[in-house]
Number of protein chains: 2
Amino acid sequence: MSPRRVTLADVAKIAGVSPTTASLVLSGRGRELRISQDVEQRVLKAAAELQYRPNIVSVGLRTGTTRTIGFVSDTIATSRLAGDMIKGALEAARERGFMLFIGETEGDPELERLLLQAMHDRQVDGLILAAMYTRTIRVPKVMGAAPAVLLNALPKQRSPLPSVLPDEVEAGRRAARVLLDAGHREGIHLVGAGPGRRDVPPGGSVAAVERLIGIREVLGEAGVKVAGGHVCADWQPEYGLAATRALLEGARPRALICFNDRIALGAYQALDDFGLKVPGDVSVVSFDDHPIAAWMRPKLTTVALPHYELGRKAVDVLFAEMGRDGDDAVQEGAVREGEVREGEVHRVPMPVRLRESVAAATP
Amino acid sequence: MSPRRVTLADVAKIAGVSPTTASLVLSGRGRELRISQDVEQRVLKAAAELQYRPNIVSVGLRTGTTRTIGFVSDTIATSRLAGDMIKGALEAARERGFMLFIGETEGDPELERLLLQAMHDRQVDGLILAAMYTRTIRVPKVMGAAPAVLLNALPKQRSPLPSVLPDEVEAGRRAARVLLDAGHREGIHLVGAGPGRRDVPPGGSVAAVERLIGIREVLGEAGVKVAGGHVCADWQPEYGLAATRALLEGARPRALICFNDRIALGAYQALDDFGLKVPGDVSVVSFDDHPIAAWMRPKLTTVALPHYELGRKAVDVLFAEMGRDGDDAVQEGAVREGEVREGEVHRVPMPVRLRESVAAATP
DNA sequence: CTGTTAGCGCCTTCAC
DNA sequence: GTGAAGGCGCTAACAG
């Protein structure tokens, strides 16, 4: 059916040289080995005419490198968030001539093992293990086989794998500053978690813990006291609605820091039910920049999860990891003796999206 | 660093047989060639002990098959829709032991060519070319190299490639029937396209054309006249808002068929502005089942785009295509002489999600 | 029934 | 400067 692929041998034959010579020229090492201009031109010409493309499978077998990286996440479709992460990874990889294998574990450890195996069988050069929601994960043993990076996740046990995460603490600080900058100093309520440092939903949500730290830090330093906090068992609109309703029955908030946009959606609803206007009566700031944030009315000011950047960063870190192969660790600057390089954590900034839900505080 | 992978030769040596024999046993063809139980057991045992896994790259080089399929779409991250499509494809592929390469062209033909090349270089066994929004696409020449399927897209020129698409015409019929079943026969307005068969937004939107056909067909057959129709240049909330406002200034609709959920979001807003209640005053039915549909208040009744199923179906069709390799076309039933098998179109049903935005018509 | 030989396409010694 | 030989891991012919 389809004509046989053109091989290096074909090119060599047309150019009238040996496969070796052709290989040398095409891999760019012809110059340093001082292959004659004439030969070089002939090879290049033949390759162009035949539209020669190296067979990566063959190269893979020979060299062990497939210019491919595996991306395994627990869920890919749940939201556009994962899509953006993959998109970032995809583009960063493509820029270096790498392709991505995508796999989805659905939270099933056995499936995860299978997927990782399948990728390993295909000789991937590196692996990215991603979580949909920032959290700690158990790192499967198979991961040792190739350079790897944790994306949006922290290893549950000690692990030498680097990880890439959104900078949630700084995000918390930024959310708090948005309110402070608008002059709010009183009646600030937290919805989703807080007010105490331990008041977080069950499930080990990294986001809850860290956002709370940032918020409390900035507010605390400004001498502002949090007026109230309400843990939501699940960060869904209905929980935000219920929590905000409960809050409104006993207090008159001037500003809300919602722990994510879905909670904020519920909060808007509760505020509306009580005849309160956003941002006139109550300012609202939130986290995630879920697509819905820009559709809400008024549009929600929120600190965005940088999914695209997370994906890119994971690939960058992975390449650094792959390049580290034979490198001398001493290169890395002041590495003290006996110090084990392990589990560097890379934080990606979360940008504030200033929209319409925060107004200046009226004294 | 990492211990060398265990190879077939290792297994053979431990089992005390030749690599060929080991290969035969492990590929399951030992039985038919009547290899002794003893040898079979020894090989199996050795393989298990060593945790042998065949190197797919090597198999790929030898047999030309890599158990890998390429999935190229114009956008992956724009919405969760694409994510679901990929998820469906991923799962269907995994069930058959295949992995997916993902690529994204961003609508750039050159990039598309590069991506397809890169996949071809990696010897993919098949290709899925997907579009984010249903539309006609130019099929790149490179596609001839491997079995391929068009997903959510129709070829612009004649092409032998099969395609998989949502059944938009039937979706249109279903939307219309939802209204009819609720007793609506008057004051039905279309928002996004219509009322005439040619009243569609520019850009060759397949969805607009086909949904309109289905709607007109069912309404027509029931003897119901469309009260009005409003083309929206872009199917975004603000356009739905504007169109519905314009409509409300001159008419008093009883039901709206919005051409997608984002338009419906705008329509809700306009209705609210005019003090009209959904569904008490006006029923609304829509298309897509965008995540926002379930969040709107009242929850939107809509005909869902079956992204997950589309992805699965594409893989199914692709496998059929790959299996067709040496098959005699005559197998395919009544294929008439001289008839060229080309471009079969597979339609995937769009299910109605009955929610809260449609009420019985009050006479 | 099992082993030997060969080769998929490429790259990497090593000779010339 | 260039070519010949070998091997990555596996399987398809062919021997025995």
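Heavy-atom basis, side chains included; hydrogens, waters and symmetry copies ignored. Order of the sequence lines sets the chain letters (A, B, ...), proteins ahead of strands, with each chain counted from 1.
Atom C1' of nucleotide dG1(D) and atom CG of L24(A) are separated by 10 Å, given to the nearest angstrom. Taking atom CD1 of I56(A) as the reference point, atom C1' of dC8(C) lies 16 Å away to the nearest angstrom. Separating the CG atom of L26(A) from the P atom of dT2(D) is a distance of 14 Å, rounded to the nearest angstrom. Following rounding to the nearest Å, E40(B) (CD) and dC1(C) (C1') show an atom-to-atom distance of 13 Å. Going from atom NZ of K13(A) over to atom P of dG3(D) covers 15 Å, rounded to whole Å. R122(B) places its CZ atom 19 Å from the C1' atom of dC8(C), with the value rounded to the nearest Å. Taking atom CZ of R5(B) as the reference point, atom P of dC10(D) lies 8 Å away to the nearest angstrom. For D10(A) and dC8(C), the CG to C1' distance is 13 Å, given to the nearest whole Å.
Side-chain N/O atoms of T68(B) and R122(A) include a donor and acceptor closer than 3.5 Å.
Mapping I35(B) and R62(A) onto DNA chain C by nearest heavy atom places I35(B) closer to the 5' end of the strand. Annotation: of the two residues near DNA chain D, S58(B) and T20(B), the 5′-most nearest-nucleotide partner is S58(B).
Phosphate proximity of dT2(C) to T21(B): absent, as no side-chain N or O sits under 4.0 Å from OP1 or OP2. OP1 or OP2 of dG3(D) has at least one side-chain nitrogen or oxygen of S18(A) nearer than 4.0 Å. Contact check, R29(A) against dT12(C): a side-chain N or O comes under 4.0 Å of OP1 or OP2.
Looking only at side-chain heavy atoms (C-beta outward), L161(A) and P155(A) stay at 4.5 Å or farther from each other. When side chains are defined from C-beta on, M322(A) does not count as touching V149(A), because their heavy atoms never get closer than 4.5 Å.
Here the nucleotide nearest the side chain of T63(B), chosen from dT11(D), dG9(C), dC10(D), is dT11(D). Checking dC10(C), dG3(D), dT2(C) against the side-chain heavy atoms of V59(A) singles out dC10(C) as nearest. The side chain of S36(B) lies closest to dC1(C) when the candidates are dG3(D), dG9(D), dC1(C).
Within the nucleic acid shown, L8(B) comes within 4.0 Å of at least one base atom, counting heavy atoms only. Within 4.0 Å (heavy atoms only), P54(B) reaches sugar-phosphate atoms of the nucleic acid but no base atom. Heavy atoms of V57(A) sit nowhere under 4.0 angstrom from any nucleic acid atom. Across all strands, L61(B) comes closer than 4.0 Å to base atoms (heavy-atom distances). Using a 4.0 Å heavy-atom distance criterion, V17(B) is classed as a sugar-phosphate-only contact.
Note on R135(A) versus D74(A): salt bridge recorded, some NZ/NE/NH1/NH2 to OD/OE distance being below 4.0 Å.
Within 6.0 Å of the CD atom in Q51(A), the count of heavy atoms belonging to other residues, nucleotides or ligands does not exceed 12.
Ring pair F101(A)/F71(A): centre-to-centre distance not below 6.0 Å.
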